[in-house]
Amino acid sequence: MTIFAFVLVAFMLLVYVLLDGYDLGVAAAMPLVARTERERAATMSAIGPFWNGNEVWLIAAAAVLFALFPKAYASAFSGFYLPFILVLWLLMARGIAMEVRGHFPSSIWHEFWDTAFWLGSALLIVIFGIALGNLLRGLPLDPDGYFMGTFAYLLNPYAILVGLFAVEVLVEHGLLFLVLRVDGALAGRARRFSLWLSHASVVGYIAVTAATFAVRGLAMARWPLAAVAIASLASLVALRICILRKRDGAAFLASCAFIATLLTEAAATLFPYLLPAPLGQGGISVYDVQPNPVALVTAIVSTVVGLCVLGVYAPFAMRRMLGKVRVEE
Amino acid sequence: MDAVLADRLQFAFTVMFHYLFPIGTMGLAPFIAWYTLRAARGDGQAANAARFWTKIFAINFAVGVVTGIPLEFQFGTNWAAFSSKAGAVVGQPLAMEGVYAFFLESVFLGVLLYGGHAVSTRLRGIAAVVVCAGAWLSGLFIVCTDAWMQHPVGYALAADGRVELRSIAAVLLSTFAWWQYAHVLVGALVSGGFIVAGVGAYYLLAQRDEVLGQRFVRDGTIVALAFSLLAVFPTGDRNGADITRWQPVKLAAMEGLFRSQPGAPLAIIGMPDVNARTLIDPIYVPRLLSYLAYGNWGANVRGVSAYPAAIVPPIELTYYAYHVMVGLGTIFVGVAVLAAVLLALGRLYLARGALWALMLAMPFPYIANEAGWVVTEVGRQPWIVYGVMRTSDAGSSTVAAGETLFTLIGFAGMYFVLGVLVLYLVLREIVTGPRAET
Ligand code: HDD
Ligand code: HEM
Ligand code: HEM
């Protein structure tokens with residue numbers, strides 16, 4: 001049951017990264033690909049119908065984490081107080097930007113909210129990446145699982161590397177989504193950039209993997225994960241082929257597969273710890289923080305049933321929102 | 001400053017700001033569902049009305065989302081001891097809210113807003129009804145969470161002081177929770193009614209959009225009347241009865257009753273003097289409190305003094321908030337009855353005085369709702385989970401008061417900007433008015 005609970009939380013976070021990942025990525029890619037006012041507006045409209053629902057995955061995943069591992073929720077969120085509040089403010093800034101940008105026909109107004117939109121999104125990705133990097137590297141914890149280090153501790157070179165890799169991967173992911181949603185020169189540019197970035201993905205993947213071995217030590221490597229690593233590389237190859245053949249939908253799916261393998265590796269590396277101490281010195285494991293069995297089973301059952309119901313209606317409803325945003329008259 | 005005081009201030013500020021938006025969504029959703037369903041039957045005016053209110057709903061919804069996320073995070077950031085000890089129960093309805101209600105609402109709102117011509121009018125109608133169900137369902141789950149903190153059920157205490165879940169059914173089906181929810185929903189619908197009627201009154205007074213203006217005034221008045229009455233009876237009355245039974249010291253604070261007495265009077269107005277333990281310049285209705293609380297004119301009602309000081313909530317705030325809510329509730333009944341009588345006589349659309357009253361009434365249901373929550377939450381003190389866990393033991397050991405004050409100031413700044421923007425956007429929609437599809 002506990003293992004299943006871990007898998008459930010990891011699954012919901014994965015879906016969150018796949019979904020909100022593309023809208024954060026589209027936003028972070030805006031200064032890269034959108035040249036004109038029309039294109040910037042179209043870039044924002046491309047994710048308009050989706051970002052809100054995608055963000056619900058964050059809310060739901062956090063709430064499910066709360067129900068399944070309350071103590072971990074408490075120590076992680078209070079231990080990293082300022083970073084979490086920063087995430088909130090950035091989420092707010094970009095949400096407001098999307099809500100209000102279109103309501104006022106002024107280029108200064110647009111410029112201000114465009115910047116809040118892409119900068120806020122890019123920073124969010126960096127922070128999420130740094131957080132993941134620090135989890136993989138391990139954290140100094142007191143016996144109750146509260147973080148004992150400082151803000152500066154979190155900004156170590158390994159975590160920053162993971163943060164930058166996260167930006168690269170999600171911008172790529174966002175560009176591939178943008179190709180599906182817009183037409184004209186904007187779509188062409190997005191496709192071109194995504195092809196270039198796919199090189200960076202290969203380099204970044206190798207660099208991050210090597211760095212992970214370096215900070216965690218080879219002794220802690222889990223060799224069966226080599227199979228997942230092969231799947232990562234295979235999905236990158238597939239991604240390039242699909243972009244070259246202009247199979248845009250398939251390219252986006254390949255990017256999803258790539259991210260899924262990355263996060264599977266990360267989750268499998270962490271298990272059974274939710275907050276690991278550095279270098280195999282234990283940490284807060286799922287077994288330390290689960291609630292009583294009735295609560296665990298209740299939360300698992302209600303969440304699984306709820307997600308199944310969602311699986312029925314969401315595709316039905318989403319089908320009606322696809323289609324392209326027209327950029328050119 | 002005490003760290004928990006800073007946590008309380010931050011939570012109070014952010015939740016009170018957040019709640020402004022669910023009031024709008026829960027209160028307007030049924031109007032949107034109704035107009036969308038009429039539109040599906042070929043009523044063109046209703047289609048314009050539905051589109052107009054959906055735009056305002058969408059603004060409320062988006063702000064509800066961005067201000068809701070900080071609340072959920074705060075349970076972890078600022079209330080770590082509470083979350084880790086009570087999370088086995090409190091986490092359940094919160095997780096369900098996310099998985100069942102928020103997804104439903106956001107997916108189908110997407111269909112309404114972005115479906116465009118790919119969506120038949122019939123499907124739009126269904127989507128509007130589902131959005132309404134989603135908004136009401138999120139209210140239900142969150143109120144179940146709060147109701148459990150007010151009146152914990154379905155749990156057991158472990159040896160280490162942690163709360164364990166025994167039965168989720170007991171938590172979700174507690175009658176305390178459902179009466180609280182009924183009152184919350186009614187409060188939102190009172191607001192919805194007065195908003196729709198108020199916007200309609202503005203159009204009539206400004207002599208524009210008169211066809212829809214009349215319709216808004218009529219529909220809003222009917223809803224405002226029905227739910228103003230329901231706010232008093234049975235839902236307000238039942239909430240009062242639950243408080244009398246489960247949290248009698250809160251009742252004493254709400255009513256400003258210091259000394260226990262048989263045949264206790266109801267204070268209509270008066271200012272509590274906590275040191276002298278009396279009300280200043282009160283106006284009493286003799287014996288009414290005994291009757292309202294126990295259904296018996298002579299019953300003994302225990303006053304604040306009958307309880308140990310350590311479990312008495314802040315009296316002034318609880319007292320004033322309660323009197324503001326009830327006073328406004330009475331005024332709402334008055335305004336709604338007046339408007340309904342004029343409506344029945346066919347004179348409302350020309351009665352400028354009544355239209356002005358409806359228009360100016362718009363902000364007050366918000367105040368009544370917020371005041372009601374202040375009664376509930378401040379009156380719960382010093383407990384965070386009534387009788388089980390004290391607020392002073394619930395904070396985060398690693399977060400200092402200074403850190404929370406810093407973020408509170410940040411939230412204040414962001415919410416000020418957000419508030420100005422929302423007000424501007426909503427007023428602009430109202431001034432633009434309901435328009436046919438272009
Ligand atoms: C338009 C809004 C509105 C109006 C007109 C009223 N209320 Fe109310 N009231 C609320 C909106 C509200 C609320 C915001 O929805 C609260 C806060 C928490 C809750 O459960 O409902 C609330 C709480 C609340 C509580 C506290 C419940 C608790 O502590 O758990 C009581 C005893 C009452 N109400 C009673 C009344 C009475 C007797 C009213 C008669 C006039 C009344 N309310 C009008
Ligand atoms: C939206 C309506 C709500 C409003 C306006 C509101 C208002 C408040 C206020 C004013 C306080 C501060 C009380 C004090 O410290 O004296 C407070 C505290 C708190 N409320 Fe609420 N509340 C609302 C709903 C909820 C709900 C639904 C929950 C539970 C899910 C909740 C949980 C809490 C918690 C955990 C605290 C902090 C601990 C405490 O001070 O007791 N509130 N709220
Ligand atoms: C401690 C208190 C609260 C927490 C933790 C909380 C949490 C949240 C969150 C995370 C969202 C965003 C969901 C989305 O993406 O759709 C949200 C929105 C919402 N909340 Fe709250 N909320 C609180 C108080 C309340 C109360 C008291 C109510 C109503 C009774 C309420 C009703 C809603 C509704 C209806 C929405 C949907 C969005 C909207 O309609 O504005 N919330 N809330």
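Protein chains get the first letters and strands the later ones, always in sequence-line order, with residue 1 at the start of each.
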S.K.: Out of A:Ser78, A:Ala67, A:Pro291, A:Ala74, which one racks up the most heavy-atom pairs below 4.5 Å with chain B?
M.R.: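 Of A:Ser78, A:Ala67, A:Pro291, A:Ala74, A:Ser78 has the most heavy-atom pairs under 4.5 Å with chain B.
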S.K.: Nearest 0.5 Å, what's the CH2-OG distance between A:Trp51 and B:Ser106?
M.R.: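 Rounded to the nearest 0.5 Å, the CH2-OG separation comes to 10.5 Å.
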S.K.: Find out whether A:Pro70 and B:Lys85 are in side-chain contact, i.e. whether some heavy atom of one side chain is under 4.5 Å from a heavy atom of the other.
M.R.: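 Result no, sub-4.5 Å side-chain heavy-atom pair not found.
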S.K.: Considering only heavy atoms and a distance below 4.5 Å, find which of A:Phe84, A:Phe80, A:Tyr313 pairs most often with chain B.
M.R.: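 The answer is A:Tyr313.
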S.K.: Sort out for me which of B:Pro93, B:Gly395, B:Ala127, B:Gly410 touches chain A most, counting heavy-atom pairs under 4.5 Å.
M.R.: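 With the most close heavy-atom pairs to chain A, the winner is B:Gly410.
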S.K.: Looking at B:Tyr100 and A:Ser302, would you say the former's side chain and the latter's main chain have a donor-acceptor pair under 3.5 Å?
M.R.: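 Side chain of B:Tyr100 to backbone of A:Ser302, a donor-acceptor pair under 3.5 Å: yes, one is there.
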S.K.: Which heavy atom of A:Val56 sits nearest a heavy atom of B:Gly98, and at what distance?
M.R.: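 Looks like CG1-O, 4.2 Å.
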S.K.: Most heavy-atom pairs under 4.5 angstrom with chain B, which of A:Gly79, A:Ala63, A:Ala299?
M.R.: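 The residue among A:Gly79, A:Ala63, A:Ala299 with the greatest pair count is A:Ala63.
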S.K.: Under 4.5 Å between any side-chain heavy atoms of B:Phe411 and A:Met92, yes or no?
M.R.: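 Touching, per the 4.5 Å side-chain cut-off.
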S.K.: Side chain, backbone, both or neither: which part of B:Tyr155 has an atom under 4.5 Å from a heavy atom of chain A?
M.R.: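 When you check distances to chain A, no heavy atom of B:Tyr155 falls under 4.5 Å.
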S.K.: Distance check, rounded to the nearest 0.5 Å: A:Ile96 atom CD1 versus B:Leu421 atom CG?
M.R.: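 If I round to the nearest 0.5 Å, the distance is 7.0 Å.
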S.K.: Report which part of B:Leu109 has an atom under 4.5 Å of a heavy atom belonging to chain A: side chain, backbone, both, or neither.
M.R.: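 Neither part, no heavy atoms under 4.5 Å.
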S.K.: In this structure, are over 12 heavy atoms from other groups packed under 6.0 Å from A:Ile3 atom CD1?
M.R.: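 No, the 6.0 Å shell around CD1 holds no more than 12 heavy atoms from other groups.
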S.K.: Ring centroid separation for B:Tyr114 and A:Phe50, is it under 6.0 angstrom?
M.R.: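 No.
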S.K.: Knowing that exactly one of B:Thr77, B:Thr398, B:Thr407 qualifies, which makes a side-chain hydrogen bond (donor to acceptor under 3.5 Å, both in side chains) with A:Tyr81?
M.R.: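 Single pass found, and it is B:Thr407.
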S.K.: Given that the side chain runs from C-beta out, which part of B:Arg428 has a heavy atom under 4.5 Å from chain A: side chain, backbone, both or neither?
M.R.: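 Contact with chain A involves the side chain of B:Arg428 alone.
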S.K.: With a 4.5 Å heavy-atom cut-off, do B:Glu403 and A:Leu82 have their side chains touching?
M.R.: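 The answer is yes, as the side chains (C-beta and beyond) meet within the 4.5 Å cut-off.
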S.K.: Any heavy-atom pair between the side chains of B:Tyr424 and A:Phe104 that's under 4.5 Å?
M.R.: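 Side chain of A:Phe104 against side chain of B:Tyr424, heavy atoms only: contact under 4.5 Å found.
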S.K.: Sort out for me which residue in B:Val65, B:Val66, B:Val107 forms a side chain to side chain contact (heavy atoms under 4.5 Å, CB included) with A:Asn52.
M.R.: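 Single side chain to side chain contact (heavy atoms under 4.5 Å, CB included) partner of A:Asn52 among B:Val65, B:Val66, B:Val107: B:Val65.
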S.K.: To the nearest 0.5 angstrom, please state how far the OG atom of B:Ser83 sits from the NZ atom of A:Lys71.
M.R.: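 One finds 13.0 Å between OG of B:Ser83 and NZ of A:Lys71.
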S.K.: Give the member of B:Gly110, B:Ala158, B:Ala81 that has the highest number of heavy-atom pairs under 4.5 Å with chain A.
M.R.: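 Counting heavy-atom pairs under 4.5 Å, the top option is B:Gly110.
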S.K.: Please flag which part of B:Phe108 lies under 4.5 Å from any non-hydrogen atom of chain A: side chain, backbone, both or neither.
M.R.: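 The answer is the side chain of B:Phe108.
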S.K.: Do you know which of B:Ala156, B:Ala58, B:Ser84 has the most heavy-atom pairs under 4.5 Å to chain A?
M.R.: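 Of the options given, most contacts go to B:Ser84.
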S.K.: Work out which heavy atom in B:Val99 is nearest to a heavy atom in A:Leu307; give both atom names and the distance.
M.R.: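 Minimum heavy-atom separation between B:Val99 and A:Leu307: CG1-N, 3.8 Å.
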S.K.: Quick one: CD on B:Glu72 to CG on A:Leu88, what's the gap to the nearest 0.5 Å?
M.R.: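 The CG atom of A:Leu88 is 10.0 Å from CD of B:Glu72, to the nearest 0.5 Å.
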S.K.: Between A:Gly48, A:Ala72, A:Ala314, who has the most heavy-atom pairs with chain B when the cutoff is under 4.5 Å?
M.R.: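 Of the candidates given, the most pairs with chain B belong to A:Gly48.
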S.K.: Using heavy-atom distances under 4.5 Å, tell me whether B:Val399 contacts chain A through its side chain, its backbone, both, or neither.
M.R.: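 The side chain, not the backbone.
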S.K.: Looking only at non-hydrogen atoms, find the nearest pair between A:Ala60 and B:Phe103 and report the distance.
M.R.: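 Here A:Ala60 and B:Phe103 meet closest at CB-CE1, 3.9 Å.
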S.K.: Taking every non-hydrogen pair under 4.5 Å, which of A:Val64, A:Leu91, A:Thr298 racks up the most with chain B?
M.R.: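 Option with the top pair count is A:Thr298.
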S.K.: Tell me the closest heavy-atom pair linking A:Ala295 and B:Gln92, and the distance in Å.
M.R.: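 The pair with the smallest heavy-atom distance is O-NE2, 3.0 Å.
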S.K.: With a 4.5 angstrom heavy-atom cut-off, is it the side chain or the backbone of B:Leu113 that approaches chain A, or both, or neither?
M.R.: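 When you check distances to chain A, no heavy atom of B:Leu113 falls under 4.5 Å.
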S.K.: Which distance, rounded to the nearest 0.5 Å, do you find between the CZ of B:Phe75 and the CZ of A:Phe66?
M.R.: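 Reported value, rounded in 0.5 Å steps: 6.5 Å.
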S.K.: Would you indicate whether the side-chain heavy atoms of B:Arg166 and A:Asn292 approach each other to under 4.5 Å?
M.R.: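 Yes; the side chains approach each other to less than 4.5 Å.
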S.K.: Atom CD1 in A:Ile59, atom CD1 in B:Ile69: separation rounded to 0.5 Å?
M.R.: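 Atom-to-atom, A:Ile59:CD1 and B:Ile69:CD1 are 4.0 Å apart.
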S.K.: With a cut-off of 6.0 Å (strictly less than), are more than 12 heavy atoms of other residues, nucleotides or ligands near CD1 of A:Ile108?
M.R.: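 Open.
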